[in-house]
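Shown next, in structure tokens, is the structure this report addresses.
None of the values given here were measured: they were computed from a predicted structure. Positions are given from 1, in the same order as the sequence printed here.
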Amino acid sequence: MSAPESLTDRNLALELVRVTEAAALAASRWMGKGKKNEADGAAVEAMRIAFDTVAINGTVKIGEGEMDEAPMLYIGEKVGAGGPEMDIAVDPLEGTTLTAKGGPNAMAVVALAEAGNFLHAPDIYMEKIAVGGGLPEGVVGLGASVKSNLRELAQAKRCSVSDLVACILDRDRHQELIAHCREAGARIMLISDGDVAGVLATSQPESGVDIYLGSGGAPEGVLAAAALRCIGGQMQGQLLYEDDTQVARAREMGLIDPHQIFNIMDMARGDVMFAATGVTTGAMLKGVRRFGHGAMTHSVVMRSKSGTVRYIEAHHNFSMKTWAAH
């Protein structure tokens, strides 16, 4: 890589953090107020405005919804101030309910890759399985039973199944999955929201999470895959359809086999950048801390090509900012 390209990449990484910072700051005003839609709307608006200054020609591949369902950052929307063609995956507020209730692990998330490298999928559910780095390739998979996956993972980690912790969204649809995990002897961490953070927890030894299982949003699945590409880990996903209309929509978006099991490279290929800023404190990031005329934010920015992971603590003086995200 030439020096100018390297400098451009570094600047772009910092610009991505500014985008997630803006969204996190805006959402933090609604923390604990019981109004998840207002918190999400504030994050979306702030992120969209912040993108206007980023030197890319970006297309939102993973966003807030379809064009007729979301006023901002919808799938297919163009963002950026001009530059290289890039795919964008965003979740302006990952954990809307967590923010409304003041719960942990809410964050603003953005991923970036060269055009054509993110899975272009509808905003529907996806079955997911993920583990952290340093494990044999294919140690777990959606094609295997829960019991088999836990047994293979325990063997790879040189522990017993009873030592493992599975992170699962606390939803009625997961009752059978939870029962299978318990029957196999694994322990379970149920989370109320935020499955990007749940997947990322598998890559953080201090989180105590060994595997992520269950269904959640497909957009969050692509974002999580982008993050694991940077920080290390394995993941598979398979789209779940409610009716034939959703299957037809997936085909329209270019999926030859709508029932394909996607691996991590299918969901996020090429050189991926990922940035996230904490809204509320969690295992990976501290939440926004507001005071007087300013605030502090805690962010992470990662890149798959270099494997670099940077944590950034920023001090914001609102009296000197020109945007209104605060």
Side-chain angles (χ1 to χ4, degrees), residues 10-56 58 60 63-64 70-74 77 79-83 88-112 193-194 196-197 223 273-302 309-326:
R10 290 173 184 173
N11 288 342
L12 189 54
L14 185 57
E15 291 303 312
L16 281 188
V17 172
R18 288 176 176 151
V19 169
T20 57
E21 285 175 348
L25 286 166
S28 72
R29 293 181 61 245
W30 296 94
M31 194 277 289
K33 294 186 176 181
K35 297 182 177 181
K36 67 177 186 178
N37 292 335
E38 286 82 354
D40 189 43
V44 170
E45 181 180 4
M47 182 171 279
R48 190 171 192 268
I49 292 171
F51 260 125
D52 288 342
T53 65
V54 181
I56 58 170
V60 177
E64 285 284 285
M72 302 174 188
L73 294 172
Y74 54 82
E77 183 172 357
V79 299
I88 306 292
V90 301
D91 194 341
L93 183 55
E94 216 274 311
T96 54
T97 301
L98 292 172
T99 301
K101 294 182 176 180
N105 284 317
M107 55 188 179
V109 182
V110 169
L112 185 73
D193 203 359
V196 173
L223 279 162
M273 291 186 186
F274 175 91
T277 300
V279 177
T280 60
T281 297
M284 190 173 193
L285 295 168
K286 300 174 186 175
V288 175
R289 286 159 285 170
R290 305 181 69 88
F291 51 85
H293 298 291
M296 292 175 62
T297 56
H298 189 219
S299 305
V300 63
V301 59
M302 307 183 278
V309 179
R310 288 187 174 89
Y311 287 91
I312 299 171
E313 184 173 89
H315 298 241
H316 305 267
N317 185 337
F318 294 157
S319 66
M320 301 180 69
K321 289 191 180 292
T322 57
W323 42 263
H326 59 278

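Here the OG atom belonging to Ser299 is positioned 12.0 Å from the NZ atom belonging to Lys286, to the nearest 0.5 angstrom. Between the CG atom in Leu73 and the CZ atom in Phe51 there is a gap of 7.0 Å [rounded to 0.5 Å]. Rounded to the nearest 0.5 Å, atoms CG (Asp40) and OG1 (Thr97) are 10.0 Å apart. Here the CZ-CG distance, from Arg310 to Leu14, works out to 10.0 Å after rounding to the nearest 0.5 Å. With rounding to the nearest 0.5 Å, the separation of NE2 in His298 from CE in Met284 is 9.0 Å. With rounding to the nearest 0.5 angstrom, the CD atom of Glu15 is 11.5 Å from the CE atom of Met273.
Scanning for side-chain hydrogen bond (donor to acceptor under 3.5 Å, both in side chains) contacts around Thr96 gives an empty result, with sequence neighbours left out. The side-chain contact (heavy atoms from CB on, under 4.5 Å) test applied to Ala314 returns Glu21, Thr297, His316, not counting sequence neighbours.
Taking a 6.0 Å sphere around CE of Met31, one finds it holds 12 or fewer heavy atoms contributed by other residues, nucleotides or ligands.
Ala26 and Trp30 make their closest contact through O-CD1, 3.8 Å (heavy atoms, listed as atom of the first residue, atom of the second, distance). The two residues Ala24 and Val288 make their nearest non-hydrogen contact at O-CG2, 3.8 Å. In terms of heavy atoms, Ala22 sits closest to Ala46 at O-CB, 3.5 Å. Heavy atoms only, all atoms of each residue included: Thr53 and Ala81 are closest at C-CB, 4.2 Å.
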Throw together a table of side-chain donor-acceptor distances under 3.5 angstrom for residues 99-112, partners on residues two or more places apart or in other chains.
unit_1: Thr99; atom_1: OG1; unit_2: Gly95; atom_2: O; d: 3.0
unit_1: Asn105; atom_1: OD1; unit_2: Ala283; atom_2: N; d: 3.1

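Using a 4.5 Å cut-off on side-chain heavy atoms (C-beta onward), Ile88 and Ile56 make contact. Residues Leu285 and Tyr311 have side chains in contact (heavy-atom distance under 4.5 Å, counting atoms from C-beta outward).
Arg290 places a side-chain N or O within donor-acceptor distance of the main-chain N or O of Leu25, the cut-off being under 3.5 Å.
Under 4.0 Å is where a charged nitrogen must lie from a carboxylate oxygen, and between Glu77 and Arg48 at least one such pair does.
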